[in-house]
2 protein chains.
Amino acid sequence: MNIREVAKRARVSTATVSRTMNGSDKVKPATAARVRKAIEELNFLPNSHARTLVSGKSHILGLIISDITNPFFPDLVKSFEDEAVQRGKEVIIGNTDYNPKRMAGCIRRMVERKVDGVAIMTSESDPALVAELTRRNIPTVFMDTGKPGPHCANIRVDYGQGIQEALQHLIALNHRRIAFITGPMNLASAQTRCSVFVSTLKARGIFDEALIEKGNHRIEGGAIAMRNFLKLPRRPTAVIASNDLTAIGALGVIHEMGMSVPEDISLIGFDDIAFAHLTNPPLTTILLSRRQLATMALAALDALIQGNRQSLTDLTIPTHLVMRSSTRAI
Amino acid sequence: MNIREVAKRARVSTATVSRTMNGSDKVKPATAARVRKAIEELNFLPNSHARTLVSGKSHILGLIISDITNPFFPDLVKSFEDEAVQRGKEVIIGNTDYNPKRMAGCIRRMVERKVDGVAIMTSESDPALVAELTRRNIPTVFMDTGKPGPHCANIRVDYGQGIQEALQHLIALNHRRIAFITGPMNLASAQTRCSVFVSTLKARGIFDEALIEKGNHRIEGGAIAMRNFLKLPRRPTAVIASNDLTAIGALGVIHEMGMSVPEDISLIGFDDIAFAHLTNPPLTTILLSRRQLATMALAALDALIQGNRQSLTDLTIPTHLVMRSSTRAI
DNA sequence: CGCCTGCATGTAATCGTTTACATCAAACCC
DNA sequence: GGGTTTGATGTAAACGATTACATGCAGGCG
């Protein structure tokens, strides 16, 4: 089934069929109707590969993430896809599995599929691999980390804002011994969260080195860190975690030890994953809006594709404290 | 950058380049080396659209699901993608958003992209839309619901087994007033879960009509249903929910009412989503293995693609009780 | 009436591969 | 040594769309 059969049935040339389908050029209404009828009757759908081959535009966007089972990402994927479909584009997703080798594979596939652009949000982005994209002039937008360049935009996430809001909130509730559980420190974003925490507390003169523990952005890391905090002679009265999974791990340990949140300890997470309001108590956390991120990424990609770079001036996403029930005054 | 430039640089014809890349036909080692060197130097990657166009094989598989933010699906997507990548295939994902119109769009895109096959796991599968796929001889496999056919396999999920295991477990713990919160009853799979529950209890002579409440596979549904159970003069001592979200909703209400699980009420979910072991207490639930589902779907798809139908005899996935801490004896 | 203009449509080249078939040289056989 | 086989490579026709250019026809004008 191809455009030629449609042409034959409508008694026109393939060019006319193509023109009616794309609506660009003028076709006499009567002819167009005949063509549409033929398309309908034959149930014809054009072959996108042939289209791409000749036009050079695949109308596919790539989205590279670390791991779809990380609860941060499904929202991002969904928002990204929704917006892309609205713009008549499709999305192919690459899971790197936190593995640079798979990242290379993802990028290769994106190139082979001639994607119109790529959005990347992975922890472990290797500049060499990414250079591959820019070398081929494939518009690329980083969410969170990366350097802007000729075919390349970067969206900055303002991690600091949320952390500061959280600290203000806790301090207003009279907390002074505030602890932080970090993420993996090779992640730029995790570093930022931590360093804003440190500098804000130092500025207030209530920073205590002992109240920082390393986590890994997973449940266990949060649990281990929390156990250490609870062994301290002077325990923290509030804990901020570098992400929600970490907070959930900490929450489990607090319960395990027969204490409760927020009565004994206040707890704040980061990300606002779907389950943050399903914990007991519902977790106060810092929202990083995946929808906003996706929307901005798509807009940036569009701008790069259209070669319109001036609209790429301020690409910053805020983060905000979302109050639930895991904090209280002391 | 195309195969011709590679050919020129390696001083061979395009056919030889193609042959070296595909490794199928014989090429003299010295020539092949020259070609590979040229490919390397030019950083050449073949255009997959051109390949697909001539070969008719896109090496893309479609995966259609209802909603990636439904926590059941990310695991499925990941497993499916992992296996697909291993087989040298790519995956494009279609989110129907529980919306038949978007389902139609997904299918259209799959056809246009000339996918080698499609796997479908959606609640709301419209036979007419799916006929579209089989009419075009696109291998299709349904996970859970659908009818096998010439280009079409169906994987049956044995919901009954898990429900029966759960009931045996509860009965062994001396529970007799066992309640069930259903899913949306237009879903075949939700119906099955419910009817197995009913028939098993009837067979034991301990069925009570009052202990069935409707849910919607979401948190709120579980919460509402649980409130109703707690108003009953003779409350249930155990509750099975049609999925984990429902169970989590019920759990919230139980806590809210100052009761606790499993001391006052035993609770069992269904699916074993990632957060089932993060609830407090960790939720006993019935596992429907997404990895198994994905593996079987891919195997079935492969068989259909290769036209090898005899390997499609018994496509059944079991479900199993996973014991955690939300049940106890009375 | 002859020519020009402009619209609707057709013709055919093109995109970048794969692959059937053609070619050609070397090797082999009797 | 001529003919045949074999193996390596080249030539060119596909695949199914888009689109620059060509064509043809109708109407307008002097």
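Throughout, a chain's letter reflects where its sequence line sits, starting with A, and its residues are numbered from 1. This one's a predicted model, so the numbers in the text were calculated from it and none came from an experiment.
Within the nucleic acid shown, B/V17 has no heavy atom closer than 4.0 Å to any nucleic acid atom. Backbone-only contact: B/T31 has heavy atoms under 4.0 Å from sugar-phosphate atoms and none from a base. Within the nucleic acid shown, A/M21 comes within 4.0 Å of sugar-phosphate atoms alone, with no base atom in reach, counting heavy atoms only. At the heavy-atom level, A/V27 lies under 4.0 Å from the strands shown only through sugar-phosphate atoms.
Among the nucleotides D/dG16, D/dG10, D/dT19, the one closest to the side chain of A/S18 is D/dT19. Comparing C/dT9, C/dG10, C/dG16 against the side chain of A/V12 picks out C/dG10 as the nearest.
OP1 or OP2 of D/dG10 has at least one side-chain nitrogen or oxygen of B/T16 nearer than 4.0 Å. The phosphate of D/dT18 (OP1 or OP2) has no side-chain N or O of A/T14 nearer than 4.0 angstrom. Close to C/dC15, at under 4.0 Å from its OP1 or OP2, lies no side-chain N or O of B/N47. Look at A/N2 and you won't find any side-chain N or O under 4.0 angstrom from OP1 or OP2 of D/dC15.
Spacing between atom NZ of B/K114 and atom C1' of D/dG16 amounts to 9 Å, rounded to whole angstrom units. Atom NZ of A/K26 and atom C1' of C/dG10 are 19 Å apart (whole Å). For the pair B/H49 NE2 and D/dA14 C1', the computed distance is 19 Å after rounding to whole Å. D/dT19 atom C1' lies 14 Å from atom CG of A/L53, rounded to whole Å. In this structure, A/K28 places its NZ atom 10 Å from P of D/dG27, rounding to the nearest Å. Going from atom NZ of B/K57 over to atom C1' of D/dA14 covers 18 Å, rounded to whole Å. Whole-Å rounding puts the B/R4 CZ to D/dT11 P distance at 13 Å. Atom CG of A/N22 is separated from atom P of C/dA8 by 17 Å (rounded to the nearest Å).
Ion pairing between a basic and an acidic side chain is recognised when a charged N comes within 4.0 Å of a carboxylate O; A/E5 and A/R9 show no such pairing.
Residues B/V130 and B/I64 fail the side-chain proximity criterion, which asks for heavy atoms closer than 4.5 Å.
Remark: B/R136 engages B/E132 in a salt bridge (Lys or Arg N to Asp or Glu O under 4.0 Å) (not counting sequence neighbours). With sequence neighbours excluded, no residue satisfies side chain to side chain donor-acceptor pair (under 3.5 Å) with B/R19.
Closest-nucleotide positions on DNA chain D for A/R51 and B/A15 were compared, and the one nearer the 5' end corresponds to B/A15. Judged by closest nucleotide on DNA chain C, B/P46 is the one of B/R19 and B/P46 placed further toward the 5' end.
In this structure a side-chain-to-backbone donor-acceptor pair under 3.5 Å is missing from B/T31 to B/V27.
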